[in-house]
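Down below is the structure, laid out as structure tokens.
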Number of protein chains: 2
Amino acid sequence: MPRAKEFDESEVLDQALEVFRVRGFKHTSFEDLTQGLGVSRQSIYDTYGDKNALFHAALRRYLERGLEFVGRKLDDRSPIREVLAGLFEGMNSNNCGKSSPGCLMVNSMVELAPHDAEVRALAQKHARGVEGLLASRIGIAQREGEIDKAKDPVALARFFYHTMLGLGVASRALGERDSLRDSVRMALQVLG
Amino acid sequence: MPRAKEFDESEVLDQALEVFRVRGFKHTSFEDLTQGLGVSRQSIYDTYGDKNALFHAALRRYLERGLEFVGRKLDDRSPIREVLAGLFEGMNSNNCGKSSPGCLMVNSMVELAPHDAEVRALAQKHARGVEGLLASRIGIAQREGEIDKAKDPVALARFFYHTMLGLGVASRALGERDSLRDSVRMALQVLG
DNA sequence: ATTGATATGGAATAAACGTTCCAATACAGG
DNA sequence: CCTGTATTGGAACGTTTATTCCATATCAAT
């Protein structure tokens, strides 16, 4: 029988995700990884493949987690404005941690999408996924009379998604928590 | 007397700006520059300094141009909704050129702001500048009765700025012109 | 204890990178 | 024609990078 793995493969992937989120892909060297993960070079190669594969795995995980998070938040049947405010607030909290790393998906869309087809595909998936969840939750709110039925739920969802992208950029580069909150309040006014 | 410069220093800086916008800073090699600018390595060093200096010069220029562009668009005293729609439309056109490079400021905010103090400073300047122009134009529209005076022009301006950031990301990674237009239409509804 | 997988650290490799140095050429004025 | 600057191409340098190779040590089960 083989020796048991000494590090938690999933846990270390999370750490890698965090390193990439803070430093970006190109700006992260393998030494940054070995140091940040507390795992040797060779073990990283054996377990995840090369730097690209590790990054893609991290981004895929981030994507899944993100969609779960959005889905969970939107399952709440409180008033739609409160639900969306909670969703945005949760995202801002996540993006504005110590060193405000922003959103890995947003960062990757900007840094890598033009050069990396897989990242581009994941970005599409992210956009379609989040927009879809938002649109269907908005549809529910419309049926329950919370939002004017004349509004286009798909267009609303896209607008909110684009707003999220902007908040991701702002949290990484400007990092003013309060103004993000203000913007969320404003964005929610499009619900009428 | 010296030999006259054979390339237009300002024109070449614009070309460098474009290369950086499409490829990003780290992803742009010096060979990319010499090829993209049609100027030799040595001439680039003699004229602009090293890669960092060239990039910073390009970003500063982009910042100035951007503020001029916004100022010019906002000088128009047509109805505020038309003016803002025109501003956003102009930005989207610029961001969605062939190969949809997005916005150099947004790209730099994401890629470099955490690691480069000068980029961070320019980002702050950009945010303050655009937000300021928007807020003052919104104030005018309020005084002319186009917008409810109870609304906070500064918060509105920040919201529109954050929306612009989001459109920059979307244009670079998703590049669907139509949905960007939809989002702009939605965003303008916060004016009431 | 042997086996077989796990993990590590260090050396080695090969490529890419930013940068500098150098020799050669082009050219506008005195 | 000179002189001084502009410009170029290529070589060279030193660094960093991702990746692979290897020898070694660890450990769980048979």
Side-chain angles (χ1 to χ4, degrees), chain A residues 1-60 104 107-108 111-112 114-119, chain B residues 1-59 107-108 111-112 114-119:
Chain A
M1 264 290 188
R3 175 182 174 188
K5 257 185 150 36
E6 283 191 1
F7 61 89
D8 184 334
E9 190 170 326
S10 169
E11 206 171 272
V12 167
L13 182 56
D14 284 340
Q15 292 173 324
L17 187 159
E18 221 49 49
V19 173
F20 281 130
R21 181 150 79 133
V22 173
R23 300 186 54 80
F25 177 72
K26 272 240 151 195
H27 210 272
T28 298
S29 71
F30 233 93
E31 208 186 347
D32 292 330
L33 290 171
T34 58
Q35 185 180 343
L37 311 191
V39 174
S40 73
R41 240 186 319 273
Q42 199 64 334
S43 294
I44 296 177
Y45 275 100
D46 290 345
T47 309
Y48 307 98
D50 63 16
K51 192 185 163 190
N52 260 284
L54 175 58
F55 177 81
H56 286 142
L59 185 58
R60 271 192 298 273
L104 180 63
N107 299 351
S108 305
E111 187 193 352
L112 303 170
H115 315 295
D116 185 323
E118 170 135 15
V119 169
Chain B
M1 264 293 187
R3 175 182 174 188
K5 259 187 146 40
E6 284 193 1
F7 62 89
D8 184 333
E9 190 171 325
S10 169
E11 205 173 273
V12 167
L13 182 55
D14 283 341
Q15 291 172 323
L17 188 160
E18 221 49 49
V19 173
F20 282 130
R21 182 151 80 132
V22 173
R23 300 186 55 79
F25 176 72
K26 271 239 151 197
H27 210 271
T28 298
S29 70
F30 233 93
E31 208 185 347
D32 291 328
L33 289 171
T34 58
Q35 185 181 342
L37 312 191
V39 175
S40 74
R41 241 185 317 276
Q42 200 66 318
S43 293
I44 296 177
Y45 275 99
D46 289 345
T47 309
Y48 307 98
D50 62 16
K51 191 186 164 192
N52 260 284
L54 174 59
F55 177 80
H56 287 143
L59 185 57
N107 298 352
S108 305
E111 187 193 355
L112 302 171
H115 313 297
D116 185 324
E118 170 134 15
V119 170

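These numbers come from a predicted model, not from an experiment. To find a chain, count down the sequence lines: A is the first, B the second, and so on, and within it residues start at 1.
Between E9(A) atom CD and dT6(C) atom C1' there is a gap of 12 Å when expressed in whole angstrom units. Atom CZ in F7(B) sits roughly 15 Å away from atom C1' in dA26(C) (whole-Å rounding). As a whole-Å value, the separation of D46(A) CG from dA5(C) C1' is 10 Å. Put simply, CD on Q42(B) is 15 Å from C1' on dT25(C), counting in whole angstrom units. Per the geometry, CZ belonging to R23(A) stands 14 Å off C1' belonging to dT17(D), to the nearest Å. In this structure, CD1 of I44(B) is placed 13 Å from P of dT20(C), rounded to the nearest angstrom. One can place CD of Q35(B) at 15 Å from P of dT8(D), the figure rounded to the nearest angstrom. We find that CZ of F55(B) is positioned 14 Å from P of dT19(C), with the value rounded to whole Å.
Checked by atom type and distance alone, the side chain of D46(B) never pairs as donor or acceptor with a backbone atom of S43(B) at under 3.5 Å.
Nearest heavy-atom pair across H27(A) and R23(A) is CB-O, 2.9 Å. When all heavy atoms are compared, the tightest approach of L54(B) to A16(B) is CD1-CB, 4.0 Å. Considering all non-hydrogen atoms of both residues, N107(A) and R21(A) come closest at ND2-O, 3.3 Å.
Note on S43(B): every side-chain N or O is 4.0 Å or more away from OP1 and OP2 of dA6(D).
Atom CD of E31(B) has 12 or fewer neighbouring heavy atoms from other residues, nucleotides or ligands inside a 6.0 Å radius.
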So which protein nitrogen or oxygen atoms get under 3.5 Å of nucleotides 11-18 of chain C's nitrogens or oxygens?
{"unit_1": "dG18(C)", "atom_1": "OP1", "unit_2": "T28(B)", "atom_2": "O", "d": "3.3"}
{"unit_1": "dG18(C)", "atom_1": "OP1", "unit_2": "K51(B)", "atom_2": "NZ", "d": "2.6"}
{"unit_1": "dG18(C)", "atom_1": "OP2", "unit_2": "F30(B)", "atom_2": "N", "d": "2.7"}

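Annotation: cation-pi pair K51(B)/F20(B) absent, no NZ/CZ under 6.0 Å from the ring centroid and within 45° of its normal.
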